[in-house]
Amino acid sequence: MLNINSISTVEQIQSLKDLPAQYCFDIGLYDSSNFGWYDDNKMYEGFPIDEHDIVIDVGCGDAGNLMFCARQGAHLIAADIDAEKVNNQVKRLEQTNARKVEGVVGNSDPLGVEDNTATRIICTEVLEHVPSTSQFLNELVRIGKPGAKYLLTVPGANQERLQKRCGAPDEYFQEPNHIRIIEPDQFKEMVEEAGLVVEHQKGFGFFWSIWFTFFWHCKSVGLASDDPLAISWAKTWHMFLLQPNHKPLYDQLNSLCPKSEIIIARKPE
């Protein structure tokens with residue numbers, strides 16, 4: 001894997017030759033860190049994790065979120081509709097520093113978790129898939145302890161529209177994939193109507209919004225996803241992040257076309 005921290009100047013980036021496809025994902029991680037993800041014991045701003053927490057990731061997928069929480073020694077619950085994914089991720093997580101690891105298989109009607117179980121609830125890029133957002137969010141609220149913190153994300157509405165116009169296949173916006181586009185105000189309203197208090201809302205991931213636009217374009221014209229076009233975009237974004245005055249424009253771009261809309265919320269005591 002490329003050591004991003006060893007590349008500190010624009011000249012060094014410009015001199016790189018034959019960069020691997022992994023470079024794009026390394027830049028994505030570098031961008032995430034620049035934005036405030038995975039900072040010390042905080043998965044994200046306002047969402048700290050420690051060994052006393054019981055963390056459930058609903059729609060855990062490859063359990064990347066839980067791997068971070070495992071390093072903090074938390075009790076982890078991996079929940080997903082896909083039994084194979086849950087079983088695989090439980091095996092991985094059991095090899096970590098996690099205090100305890102559990103797996104839950106099933107959909108959200110209902111979630112197979114007791115009331116008032118978790119202190120931290122993670123649910124990223126799931127609401128756009130489910131038949132009923134209100135029913136799903138009510139389940140998330142039910143399983144959280146009073147005072148529990150929630151990290152919730154949905155795909156950014158502007159980037160979803162961008163993908164529609166720039167080559168994403170029709171099935172990308174059909175079941176079991178994305179069946180709705182959720183506007184930022186609508187997202188906040190959904191969360192509040194479920195009974196949570198929204199503490200923070202922000203868009204992130206302009207880099208990935210553009211990267212996926214090139215990804216779909218490359219696929220539509222028969223090129224691989226590691227085509228030099230995608231790698232060139234990653235190089236450009238990396239050079240931008242190295243600019244000393246990048247932050248104001250960086251924030252504007254993330255707000256304009258975020259890959260994800262992020263909400264940190266709290267269940268009232």
Do Val198 and Leu137 belong to the same hydrophobic cluster, where Ile, Leu, Val, Met, Phe, Trp and Tyr are linked whenever their side-chain heavy atoms lie under 4.5 Å apart, directly or via other members? yes

Could you check whether the rings of Phe215 and Phe212 sit parallel, tilted or perpendicular, using 30° and 60° as the cut-offs? perpendicular

I'd like to check Gln201 versus Pro184 (side-chain heavy atoms, cut-off strictly below 4.5 Å). Are they in contact? yes

Under 6.0 Å from the CD atom of Glu114, do we count more than 12 heavy atoms belonging to anything else shown? no

Between CG of Leu66 and CD of Gln89, what distance do you get to the nearest 0.5 Å? 8.5 Å

Might you point out which heavy atoms bring Ala70 and Thr96 nearest each other, and give the distance in Å? CB-OG1, 3.2 Å

State plainly whether one hydrophobic cluster holds both Phe25 and Met67, where clusters connect Ile, Leu, Val, Met, Phe, Trp and Tyr through side-chain heavy atoms under 4.5 angstrom apart. yes

Would you call the rings of His129 and His178 parallel, tilted or perpendicular, where under 30° means parallel and over 60° means perpendicular? perpendicular

Neighbour count above 12 (heavy atom, 6.0 Å) for Asp185 CG: no

Do Val101 and Val105 share a hydrophobic cluster, counting only Ile, Leu, Val, Met, Phe, Trp and Tyr and linking them when any side-chain heavy atoms are less than 4.5 Å apart? yes

Main-chain N/O of Lys42 paired with Asp40 side-chain donor or acceptor, under 3.5 Å: no

For side-chain contact (heavy atoms from CB on, under 4.5 Å), just list the numbers for Gln243 and Leu249, CA-CA rounded to whole Å, side-chain angles, deciding distance to a tenth of an Å, and then say yes or no. CA-CA 11 Å; Gln243 298 300 308; Leu249 179 56; over 6 Å; no

Is it true that Trp37 and Phe68 have ring centroids separated by less than 6.0 Å? no

So Trp233 and Phe207, would you call those rings parallel, tilted or perpendicular, with 30° and 60° as cut-offs? parallel

Quick check: closest heavy atoms across Ile262 and Phe187, and the distance to 0.1 Å? C-CE2, 4.4 Å

Test Lys259 against Phe204 for side-chain contact (heavy atoms from CB on, under 4.5 Å), laying out the working first. CA-CA 6 Å; Lys259 179 65 175 70; Phe204 164 71; over 6 Å; no

Might you work through the salt bridge (Lys or Arg N to Asp or Glu O under 4.0 Å) test for Glu94 and Lys91, ending with a clear yes or no? CA-CA 5 Å; Glu94 285 175 340; Lys91 289 177 184 177; over 6 Å; no

Looking at the rings of Trp211 and Phe214, which for Trp means the six-membered one, are their centres under 6.0 Å apart? no

Quick one: closest heavy-atom pair of Val141 and Tyr150, and the distance? CA-OH, 3.2 Å

In Å, rounded to the nearest 0.5 Å, how long is the span from OG1 of Thr213 to CG of Leu162? 3.5 Å

Gap between atom OH of Tyr23 and atom OH of Tyr30 - 0.5 Å precision: 10.0 Å

To the closest 0.5 Å, what do you measure between CZ (Phe35) and NZ (Lys202)? 4.5 Å

For the pair Glu128 (side chain) and Asn177 (backbone), establish whether a donor and an acceptor sit closer than 3.5 Å, ignoring hydrogens and angles. no

Determine whether Asn41 and Ile49 make a side-chain contact, defined as any pair of heavy atoms from C-beta on separated by less than 4.5 Å. no

Got a donor-acceptor contact below 3.5 angstrom from the Ser32 side chain to the Gly28 backbone? yes

Do side-chain atoms of Asn254 reach the backbone of Phe206 as a donor and acceptor pair under 3.5 angstrom? yes

Please determine if Glu183 and Arg161 form a salt bridge, counting it only when a charged side-chain N lies under 4.0 Å from a carboxylate O. yes

NZ on Lys188 to CG on Leu152, rounded to 0.5 Å: 13.5 Å

Salt-bridge present (Glu199, Arg266; N to O < 4.0 Å): yes

Minimum heavy-atom separation for Ser209 to Cys257, with atom names? OG-O, 2.9 Å

Please evaluate residues Ser260 and Glu125 with respect to the criterion side chain to side chain donor-acceptor pair (under 3.5 Å), reporting the C-alpha separation (whole Å), side-chain torsions for both, the decisive distance (0.1 Å), and the verdict. CA-CA 8 Å; Ser260 295; Glu125 316 294 284; 3.2 Å; yes

Looking only at the side chains, is there a donor atom on one of Glu139 and Gln135 sitting less than 3.5 Å from an acceptor on the other? no

Please check: side-chain N/O of Lys267 versus main-chain N/O of Gly144, any donor-acceptor pairing under 3.5 Å? yes

Would Ile264 end up clustered with Val126 when hydrophobic side chains under 4.5 Å apart are linked, directly or stepwise? no

Locate the shortest heavy-atom distance separating Phe173 from Glu160; write the atom from each residue and the value. CZ-O, 3.5 Å

hydrophobic_cluster_shared for Leu76 and Ile54, side chain cutoff 4.5 Å: no

Taking the side chain as C-beta and beyond, is there a heavy-atom pair between Leu140 and Leu111 under 4.5 Å? yes

In this structure, OG1 of Thr133 is separated from CE of Met190 (nearest 0.5 Å) by 4.0 Å

Whether the Asn65 and Tyr44 side chains hold a donor-acceptor pair (N or O, under 3.5 Å, no angle test) is what I'd like checked. no

Shortest non-hydrogen contact between Ile143 and Val58, atoms and distance: CD1-CG2, 4.4 Å

Is any side-chain heavy atom of Pro131 closer than 4.5 Å to one of Phe136? no

Residue pairs fulfilling side-chain hydrogen bond (donor to acceptor under 3.5 Å, both in side chains) with at least one residue in residues 67-78, sequence neighbours excluded: His75-Glu102

Donor-acceptor under 3.5 Å (Asp53 side chain, Val55 main chain): no

Sidechain-backbone polar pair: Arg120 side chain, Leu151 backbone, donor-acceptor under 3.5 Å: no

Any non-hydrogen side-chain atom of Cys69 less than 4.5 Å from a side-chain atom of Asp57? no

Distance-only, no hydrogens or angles: does the Asp80 side chain make a donor-acceptor pair with backbone N or O of Val86 under 3.5 Å? no

